[in-house]
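Notes follow the structure.
What you see is a predicted model, and the numbers here were worked out from it, not measured in a lab. In what follows, every chain begins at residue 1, and chains take the letters A, B, ... in the order their sequences are listed.
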Amino acid sequence: MSTQTLSPATRSSTEWTRVCALGDLEVERGRAALVDGDQVALFLLPDGSLHALDNHDPYSGANVISRGIVGTRGSRATVASPMYKQVFDLRSGTCVDPRGKEHRRLHVWPIEDRGGEVYLLRGGAR
Amino acid sequence: MSARIVVIGAGMVAHRFVDSLVTRAEEKLEVTVLGDESCHPYDRVGLTRFFDGATAEDLTLPATIFEDPRITLHSGDAATAIDREARTVTTAAGTVHPYDHLVLATGSYAARPPVQGAELDGCFVYRTLGDVEGLRAHVARRSAELSRPARGVVIGGGLLGLEAAGALQGMDAEATVVQSGDRLMSAQLDLPAGGVLQRLIEQRGIAVRTRSRTSAVLAGEDGEVRAVAFADGSEVEADVVVLTVGVRPRDELARAAGLDCHERGGVTIDAGCVTSDPAVLAIGEVASFDGQCVGLVAPGYAMAEVACDRILGGEATFGGYDLSAKLKLSGVEVASFGDAFATTPGALDVVYTDPVGGVHKKLVLSDDAKTLLGGMLVGDASAYGALRPLVGSALGADPAAYLLPADAAAPTAELPDEAVVCSCSSVTAGTIRDAVRVDGCTDPAEVTACTKAGATCGSCLVMVKSLVGTELTRMGRTVSTALCEHFELSRRQLFDAVRVSELTTFSAVIERFGRGRGCDICKPVLASILAVLTPSHVLDGENATLQDTNDHVMANMQKDGTYSVVPRMPGGEVTPEGLIVVGEVARDFGLYTKITGGQRVDMFGARLEELPLIWQRLVDAGFESGHAYGKSLRTVKSCVGSAWCRYGVLDSTGMAVRLELRYRGLRAPHKFKLGVSGCARECAEARGKDAGIIATAQGWNLYVGGNGGATPRHAELLAEGLDDDTLIRTLDRYFMYYIRTADKLQRTAPWLEALDGGIDGLREVVMEDSLGICADLDAAMDRHVEHYEDEWAATLADPAKLARFSSFVNAPTTPDPSLAYVPERGQVRPARPDERRSGEVLIAGTTLEVRR
Ligand SMILES: Cc1cc2nc3c(=O)[nH]c(=O)nc-3n(C[C@H](O)[C@H](O)[C@H](O)COP(=O)(O)OP(=O)(O)OC[C@H]3O[C@@H](n4cnc5c(N)ncnc54)[C@H](O)[C@@H]3O)c2cc1C
């Protein structure tokens with residue numbers, strides 16, 4: 001075991017960064033990525049669209065959003081946090097079912113597929 | 001020149017004939033309709049509505065056609081003779097009506113069985129307005145005289161008899177239906193369908209006696225009906241008897257006039273509805289076509305159209321009988337159509353039976369399975385309207401789609417207002433009810449949002465749902481049993497849907513039975529259903545996307561996003577070597593360890609990327625998944641039993657091991673636990689489990705439906721003194737029956753409470769096979785046992801599955817940098833927010849120091 005103090009992640013300026021290959025992602029099952037100290041949850045949907053949101057769940061404080069169940073609520077594509085089951089809109093990051101808690105939202109990053117490589121805009125939407 | 005048409009009989013078919021004639025005929029007509037009933041033609045099919053308060057006037061068929069100057073209706077005057085030479089009809093009143101065309105539409109008599117007493121005052125046939133008026137007056141008089149509900153017996157268990165039994169109930173009389181044959185509605189249903197119908201009828205409070213030949217209706221000294229006697233010597237008490245044993249065509253006028261009649265009754269007609277005299281036609285129930293008279297209105301209407309066309313010079317022909325029929329007894333849906341008995345050569349059946357839900361459906365298809373020939377629907381006839389018109393044409397969709405269930409029942413629970421339902425947020429039943437009543441919440445999710453009940457641990461959600469349902473019903477609203485916004489079906493219906501359709505993937509199921517792409521509610525439910533019906537690995541193909549994170553990584557997520565790991569220790573047994581391996585793994589990965597209530601060891605703080613490394617070592621040492629994460633068997637807790645204990649009666653640990661190995665990995669609507677105690681001291685606390693087994697000198701006693709947790713409940717005794725094999729078979733059936741029929745996230749305790757007949761009902765199903773499903777349940781459990789494999793061992797052997805266990809897609813072995821721990825009592829626990837903020841000594845994510 002090692003001992004350390006936690007320091008806030010440093011953030012560099014806006015810039016597209018390659019995160020992984022498209023083939024590393026699985027339809028309707030999220031993956032976490034570490035981008036300059038930010039934990040990002042990546043999602044690939046059946047229509048081929050990509051989404052990048054905070055992996056940090058504001059309701060539990062744990063980094064687990066990438067491990068939630070992907071689905072739909074009405075016409076919106078969503079992910080449900082595996083911790084306390086709040087449901088978030090994958091496009092906007094807004095919470096569509098706060099399950100009795102206040103509304104909180106997830107940050108969303110611009111993300112795109114460039115010929116099979118997945119790129120994320122660092123510092124983008126924050 | 002105008003044609004003179006005389007119609008004898010002013011019933012439903014005569015009405016249709018005249019209606020059609022006046023709308024179609026352009027030439028001059030003189031139509032005379034003779035009816036012996038003293039009223040306008042009325043809706044005989046709707047006669048039973050009389051008991052729901054419909055008046056004679058309400059039942060009258062549109063009378064405007066008789067305002068047409070070409071039509072004359074003489075009611076209350078019976079035709080008494082036909083003179084075919086002179087072409088005249090004479091009536092009881094002595095009037096003589098000349099005709100060019102004569103139409104016989106005299107219908108049928110309701111038959112009285114040739115038994116002694118059938119002519120008594122308290123015996124009624126069920127055919128005319130006069131009959132039902134008499135019946136109602138008699139029942140009212142007898143119940144008043146007797147100061148208790150009258151007892152009614154209906155002789156004849158066909159469509160009409162069942163309708164009459166419903167009418168008796170509508171007058172608050174008791175009803176028993178007596179059928180001489182082996183099943184109800186024998187003209188429409190086969191034996192299995194008739195059996196399901198009988199249960200539905202009985203559930204509606206109508207007693208049924210099949211294979212009972214009536215020998216007499218007995219009168220008391222006062223001359224009133226007192227009982228019905230049967231050929232076997234038995235009797236059923238009765239104050240009123242309704243006779244619905246069939247009909248006899250009213251062909252006496254025709255016979256007297258020398259028209260050809262069939263030996264079994266009915267005026268013989270050809271396809272043009274013409275009798276042996278070209279000037280005389282016959283339509284409706286009195287007509288015998290192809291040697292058959294049929295007591296249904298639709299063929300009569302078809303004949304009416306043909307006769308009308310013929311008289312107007314057309315060439316229309318009657319195409320034969322459509323025997324389709326639907327029972328009109330509220331709450332009991334039965335329909336039969338087309339070639340329901342599959343008499344067509346090479347015909348195939350598709351049968352869907354759910355005796356639990358009281359549904360039996362059969363479709364009859366052509367030998368290539370493409371063309372619909374007919375069918376029977378019992379319990380749910382909602383597809384009748386769609387299917388009947390399809391007879392003779394291609395079915396388009398997969399037949400199974402038409403056979404799926406469409407009903408469900410919601411259990412209710414009556415809690416006092418001050419009872420705390422959600423202990424996390426201290427929400428009482430009263431608050432939940434108010435949320436519905438006062439704040440206008442309309443579903444459990446809204447109530448959770450509004451009151452926070454169930455927002456935290458969720459263990460009360462089933463209770464919240466039931467309360468909301470009861471409250472909504474009380475307010476007169478309908479309660480949806482839909483699983484979620486993606487499926488209208490309840491879990492139980494979905495289970496049946498998947499079982500019948502034999503679909504094996506989520507995508508196929510949602511495309512067929514749902515909409516959208518699913519959610520965190522329906523996906524895990526389907527994962528569980530599919531796991532039972534088509535056993536395959538939790539991470540195989542699309543299965544992986546359905547799993548809650550716990551099932552997805554086969555570990556239990558803890559508050560900081562790490563997992564706990566529980567290897568199976570069947571019956572709580574572990575060897576010293578095993579215990580040492582567990583200890584070493586925990587030490588090497590820095591895991592917090594704790595003994596669980598289920599007699600095994602839980603190791604906390606394992607990171608996603610560590611799980612395969614941890615499991616490799618456990619599997620190598622002979623451990624397998626403990627399924628602590630699944631909605632599946634958890635543990636079988638046991639005392640040490642007769643092997644060591646001075647008081648032990650039977651080998652409880654041995655049995656616990658056997659049961660745990662049998663049911664391990666079995667997916668269910670919720671987790672379930674067992675307990676086995678070796679004697680009546682009950683050290684295993686088995687009665688707090690979903691199934692508790694307690695040894696006695698006579699064998700095993702089996703208790704079911706127990707629960708610890710938020711709503712403790714002692715298990716109830718299902719059976720006593722069982723030997724090992726019977727115990728296991730009974731458990732097999734109990735669990736499978738639960739898996740098939742429970743609501744989502746419903747544990748066995750509330751399931752048993754809501755089950756029809758409670759523990760006795762369960763006993764009938766699993767021990768007496770009252771629903772005839774035990775063979776199915778057994779086969780399902782055998783399949784589970786046969787297909788079981790250790791999920792963890794299978795995962796370790798598959799690199800594709802292992803790829804899921806990386807912390808970050810672009811940094812697969814980097815630990816989550818946010819994890820932080822503090823030491824406590826010699827182990828670690830996640831740091832609290834205040835400890836994180838203070839930045840005191842923290843241990844970042846436990847690191848692996850030793851790898852083998
Ligand atoms: C309670 C009940 C429920 C039913 N439910 C259904 C159902 O759900 N579906 C279905 O298809 N069928 C049903 N039936 C059957 C259906 O009502 C008959 O098939 C239909 O009424 C037949 O029509 P009809 O005109 O041939 O005979 P009727 O309707 O019986 O008409 C014949 C008329 O002729 C009169 N008549 C007879 N002889 C003479 C004479 N010599 N002079 C003058 N008048 C005479 C009779 O009094 C009678 O009014 C039901 C019947 C009953 C009693």
(message) Working to the nearest 0.5 angstrom, can you tell me the gap between Met557(B) CE and Ser60(A) OG?
(response) 8.0 Å
(message) If I take atom CZ from residue Phe808(B) and atom CG from residue Leu42(A), how far apart are they, to the nearest 0.5 angstrom?
(response) 11.0 Å
For [X], which atoms come within 4.5 Å of any heavy atom of chain A: side chain, backbone, both, or neither?
{"X": "Ala445(B)", "result": "neither"}
{"X": "Glu446(B)", "result": "neither"}
{"X": "Ser807(B)", "result": "backbone"}
{"X": "Asp560(B)", "result": "backbone"}

Considering residues, nucleotides and ligands other than [X], do more than 12 of their heavy atoms fall under 6.0 Å from its [atom1]?
{"X": "Glu511(B)", "atom1": "CD", "answer": "no"}
{"X": "Glu824(B)", "atom1": "CD", "answer": "yes"}
{"X": "Arg114(A)", "atom1": "CZ", "answer": "yes"}
{"X": "Arg829(B)", "atom1": "CZ", "answer": "yes"}

Please report the shortest heavy-atom distance between [X] and [Y], naming the atom on each side.
{"X": "Arg804(B)", "Y": "Arg29(A)", "result": "NH1-CG, 4.1 Å"}
{"X": "Asn810(B)", "Y": "Ala33(A)", "result": "OD1-CA, 3.5 Å"}
{"X": "Ala80(A)", "Y": "Asp520(B)", "result": "CB-CG, 3.4 Å"}

For [Y], does its backbone N or O pair with a side-chain atom of [X] as donor and acceptor, under 3.5 Å?
{"X": "Arg99(A)", "Y": "Thr448(B)", "answer": "no"}
{"X": "Glu485(B)", "Y": "Gly74(A)", "answer": "yes"}
{"X": "His552(B)", "Y": "Ile69(A)", "answer": "no"}
{"X": "Thr549(B)", "Y": "Gly68(A)", "answer": "no"}
{"X": "Lys523(B)", "Y": "Val70(A)", "answer": "yes"}

With respect to chain B, which residue among [options] yields the maximal number of heavy-atom pairs within a distance under 4.5 Å?
{"options": "Ala32(A), Pro98(A), Gly71(A), Gly30(A)", "value": "Ala32(A)"}
{"options": "Ala21(A), Cys20(A), Pro82(A)", "value": "Pro82(A)"}
{"options": "Val64(A), Val27(A), Asn63(A)", "value": "Asn63(A)"}

Quick check on [X] against chain B: is it the side chain, the backbone, both or neither that has a heavy atom closer than 4.5 Å?
{"X": "Pro46(A)", "answer": "side chain"}
{"X": "Arg67(A)", "answer": "both"}
{"X": "Arg18(A)", "answer": "neither"}
{"X": "Val79(A)", "answer": "neither"}

(message) Do Ser818(B) and His56(A) have side chains that approach each other closer than 4.5 Å (heavy atoms only, starting at C-beta)?
(response) no
(message) I need the residue from Cys522(B), Ala544(B), Gly516(B) with the largest number of non-hydrogen atom pairs under 4.5 Å to chain A.
(response) Ala544(B)
(message) For the interface with chain A, which of Glu542(B), Lys559(B), Arg515(B) has the highest count of heavy-atom pairs at distances below 4.5 Å?
(response) Lys559(B)
(message) I'd like to know if Asp548(B) and Lys85(A) make a salt bridge, using a cut-off of under 4.0 Å between side-chain N and carboxylate O.
(response) yes
